[in-house]
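The structure under discussion appears below in the form of C-alpha cells.
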Amino acid sequence: MKFPSEPFKIKVVEPIRRTSREERERLLREAGYNLFRVPAESVYVDLLTDSGTSAMSDAQWAGLMLGDESYAGSKNYYHFTAVVQSIFGYRHIIPTHQGRMAENLLFSTVLKPGMHVPNNIHFDTTRANVEHQQAEALDLVIKEAYDPHCELPFKGNMDLVRLEETINRLGRHSIPFAMITITNNSGGGQPVSMENIKRTKELLTRYGIPLIFDGCRFAENCFFIKEREPGYEGTAVIDIARELFSYGDGCTMSAKKDGLVNIGGFLGLNNERWAQDITNMLILVEGFPTYGGLAGRDLEAMARGLEEVLDEDYLRFRISQVRYLGELLDAAGVPILKPIGGHAVYLNAKEFLPHIPADQYPAQALTVALYREYGIRGVEIGTVMFGKRDALTGRTIHPELELVRLAIPRRVYTNMQITYVAESISELYRRRDSIAGLTMTYEAPMLRHFTARFEELPPL
Ligand SMILES: Cc1ncc(COP(=O)(O)O)c(C=O)c1O
C-alpha cells in the first residue's frame with residue numbers, strides 16, 4: 001500500500017476549534033505577525049513543530065501512573081537507562097528536561113572561546129548554544145543540500161572533503177568534537193546514510209576527534225536507511241540504530257521528537273571525565289542525576305516511547321503520512337523541497353512568492369497568509385531564523401533557503417486533516433500574487449524568530 005493507514009485507533013480526543021478570518025486577522029495583528037505569538041487554541045491545524053507535540057500511547061499514559069517520585073534512585077530512572085543503553089549503547093546516560101539542556105551542558109563543559117564545532121547543519125538552538133560559548137558553529141553538509149530540487153536519498157550527509165579541509169585549516173585541537181544531526185532538520189529533515197556516518201567516523205578518528213550525534217529523529221533516519229541504503233533492506237530498524245550509534249562517542253537527544261513524549265531529553269557519553277564534569281553541572285542547574293529535571297513518570301513515558309518509536313509499522317505510517325502531504329502538494333505544482341523529509345514538508349518560499357524580495361521575509365509572509373486564510377500554523381526557516389547582520393554594513397546576510405516548515409506531530413492528525421492542509425495550500429498557491437511582504441519592527445539579540453514582531457507592507 002502506498003500510503004498505509006494509521007496503525008492505531010483513537011481513544012481520547014482533543015477538540016479543535018475553527019476561527020473566523022476576522023478573528024485570525026486580529027490575532028495576527030496582536031501577535032506582530034509572528035505565529036509563535038498566536039494562542040494555540042486559535043489554530044486549526046498546528047504544524048509549527050513536531051517537538052513535544054506527539055500523542056502518547058495508552059502504554060505511555062499507563063506508565064505515568066507507575067512514576068516513582070523518589071528524589072534519588074527512582075525505579076523509572078533504571079528502566080529509562082536500560083532502554084536508552086540498549087538502543088544507543090553509551091556508557092553514561094544523563095537525563096535532561098529537553099534537548100537544548102543536553103547541548104548546553106555538553107558545550108558549556110567542553111567548548112572554550114575560539115573553538116569550532118562542525119556539524120552537517122546545526123539546529124537553531126544548537127548553533128545558539130555553541131555561539132553562547134563564543135565558539136564557532138560550522139555547517140558542512142554536502143552542497144546539494146542547498147539545492148531544493150536535487151533529489152538525493154541522503155541529502156543530510158556530511159561533506160567529508162570540506163570536513164577534512166576544515167580540520168586541517170583550523171587545527172585538530174580547536175575542534176573538541178564534531179556533530180551529525182539525524183535527520184538534518186534545518187536542511188529539510190533529510191537523512192544521513194550509514195556509509196557517510198562510517199566514513200565521517202573514520203576521518204575523525206584519524207584526527208582523534210570524537211563524534212557526537214544530535215539524535216532527535218534517529219528512528220526516522222534509521223527507517224530511511226532501511227528503505228534506501230543497499231544492504232539494510234532486511235535489517236531491523238533497532239539494529240540499524242544500534243550500528244549507527246556505535247560509530248559515535250555520544251549523543252544529545254531531544255526525546256520530544258523520536259522519544260514520543262511531551263517533555264524530556266538526555267545526553268549519552270562514553271567519555272568518563274566529560275560525564276563526571278557534566279553530572280556535577282547537572283546537579284547545579286537541572287537536578288539530581290537520577291531525574292535530571294524530570295519527574296519519575298516522565299522518565300517512564302520516555303523509556304516506553306523510545307521502544308515504541310522503533311515499531312516498523314509506526315515508522316512506515318509516519319514517514320508515509322509526511323510523504324502523502326508532500327506528494328499532494330507536488331501534484332498541485334506547489335514548490336516544495338525535495339525529496340520529502342522525515343518529519344516535515346518544506347515549502348520553498350522563494351519560488352512560492354517570487355514577487356517578495358528576501359529582505360521582506362517571504363517565508364514569514366507565507367506563514368502569515370497560511371494562518372490568516374486557513375488557520376494552519378507553520379514555521380519560517382529562512383531569514384528571520386537564520387539571517388545575520390553584517391557587522392560593517394548593517395545589511396542582512398540571507399541564508400540560502402527561504403522555507404516554511406510544515407512539521408507533522410506524531411500520531412496526532414488524521415490523513416483527512418492532512419488532506420485539508422494540502423488542499424488549502426494548493427488554493428493559496430493559485431492566488432499567491434495577493435500575498436504581501438513584511439518589515440521587522442522588533443528583534444531580540446539571540447534566537448530572534450521566537451519573539452520578533454513585524455508589520456505588513458502594502459501589496460506590490
Ligand atoms: C535537530 C534538533 N536539535 C535540537 C533540538 C532542541 O531540542 P529541544 O527543543 O528539546 O530543546 C531540536 C528541536 O527542535 C532539533 O530539531
Side-chain angles (χ1 to χ4, degrees), residues 35-36 46-54 84 88 94-108 117-132 137 139-141 145 155-158 177-192 212-222 224 244 248 250-268 282 285-286 292-294 298-299 301-302 305-306 309 322 341-346 377-381 385-386 403 405-410 446-447 449-450:
L35 276 295
F36 279 104
D46 200 349
L47 307 182
L48 184 74
T49 177
D50 63 321
S51 178
T53 52
S54 301
V84 174
F88 294 75
I94 300 167
T96 61
H97 78 277
Q98 61 181 76
R100 71 197 68 182
M101 182 50 94
E103 293 165 1
N104 186 285
L105 286 164
L106 176 66
F107 301 169
S108 61
V117 181
N119 199 332
N120 44 357
I121 302 187
H122 290 81
F123 181 64
D124 61 354
T125 62
T126 323
R127 168 172 289 280
N129 268 302
V130 170
E131 290 173 354
H132 192 58
D139 294 339
L140 301 180
V141 72
K155 230 172 140 180
N157 279 356
M158 184 76 97
F177 57 86
M179 297 187 77
I180 296 185
T181 304
I182 51 172
T183 56
N184 185 27
N185 183 5
S186 304
Q190 303 292 334
V192 182
I212 304 291
F213 288 104
D214 177 339
C216 299
R217 299 179 180 82
F218 75 98
E220 291 166 8
N221 198 100
C222 291
F224 278 124
L244 184 151
C251 68
T252 58
M253 175 74 191
S254 167
K256 295 170 72 175
K257 288 80 169 172
D258 274 353
L260 297 177
V261 285
N262 307 119
I263 196 74
F266 59 88
L267 186 57
L282 182 84
V285 298
E286 279 277 80
L294 293 164
D298 298 325
L299 291 168
M302 196 164 30
L306 286 166
V309 82
V322 177
H343 65 296
V345 175
Y346 294 68
R377 175 156 73 168
V379 69
E380 195 259 18
I381 301 201
M385 191 179 275
F386 286 121
L403 304 173
R405 187 187 70 179
L406 305 167
I408 315 291
R410 294 170 182 79
M446 209 188 278
L447 293 170
H449 51 288
F450 289 123

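Just follow the structure's listing: the first ligand is 1, and inside any ligand the first atom is 1.
The main-chain N or O of Thr53 is never found under 3.5 Å from a side-chain atom of Arg410 such that the two would form a donor-acceptor pair. Although no hydrogens or angles enter the test, the distance criterion places no donor-acceptor pair under 3.5 Å between the side chain of Asn184 and the main chain of Gln190. Listed for the Glu131 side chain is no donor-acceptor partner under 3.5 Å among the backbone atoms of Ala137.
Ring-centre distance between Phe88 and Phe213: not below the 6.0 Å cut-off.
Listed by number with element, the atoms of ligand 1 under 4.0 angstrom from any heavy atom of Glu103 are 3 (N), 4 (C). Residue Lys256 approaches ligand 1 through these ligand atoms, each under 4.0 Å from one of its heavy atoms: 10 (O). Close contacts of ligand 1 with Arg217, meaning ligand atoms under 4.0 Å from a residue heavy atom, involve 1 (C), 15 (C), 16 (O). In the vicinity of Arg100, heavy-atom distances shorter than 4.0 Å reach the ligand 1 atoms 7 (O), 8 (P), 9 (O), 11 (O).
Taking any N or O of Asp214, backbone or side chain, at least one lies under 3.5 Å from an N or O belonging to ligand 1. An N or O contact shorter than 3.5 Å links Asn185 to ligand 1 by distance. No N or O atom of Thr181 sits closer than 3.5 Å to an N or O atom of ligand 1. Residue contacts with ligand 1: Thr183 is placed with no nitrogen or oxygen under 3.5 Å of a nitrogen or oxygen of the ligand (distance criterion only). Backbone and side-chain nitrogen or oxygen atoms of Phe123 are examined, and none is located within less than 3.5 angstrom of a nitrogen or oxygen of ligand 1.
Taking a cutoff of 4.0 Å between a charged side-chain nitrogen and a carboxylate oxygen, Lys257 and Asp50 do not qualify as a salt bridge.
Glu286 and Thr96 form no side-chain donor-acceptor contact under 3.5 Å, judged by distance and modelled atom types alone. Side-chain atoms of Arg127 and Asn119 include no donor-acceptor pair closer than 3.5 Å. In summary, the side chains of Asn129 and His122 do not present any donor paired with an acceptor at a separation below 3.5 Å, with no hydrogens or angles considered.
Protein heavy atom in closest approach to atom 12 (C) of ligand 1: Lys257 NZ, 3.1 Å. For atom 10 (O) of ligand 1, the nearest non-hydrogen atom of the protein is Ser254 OG, 2.6 Å. Ranking the protein heavy atoms by distance from atom 6 (C) of ligand 1 puts Thr125 OG1, 3.5 Å first. Among protein heavy atoms, atom 8 (P) of ligand 1 sits closest to Gln98 NE2, 3.4 Å.
A heavy-atom separation below 4.0 Å is found between Cys216 and ligand 1.
By the 4.5 Å heavy-atom criterion applied to side chains, Leu244 and Phe218 are not counted as neighbours.
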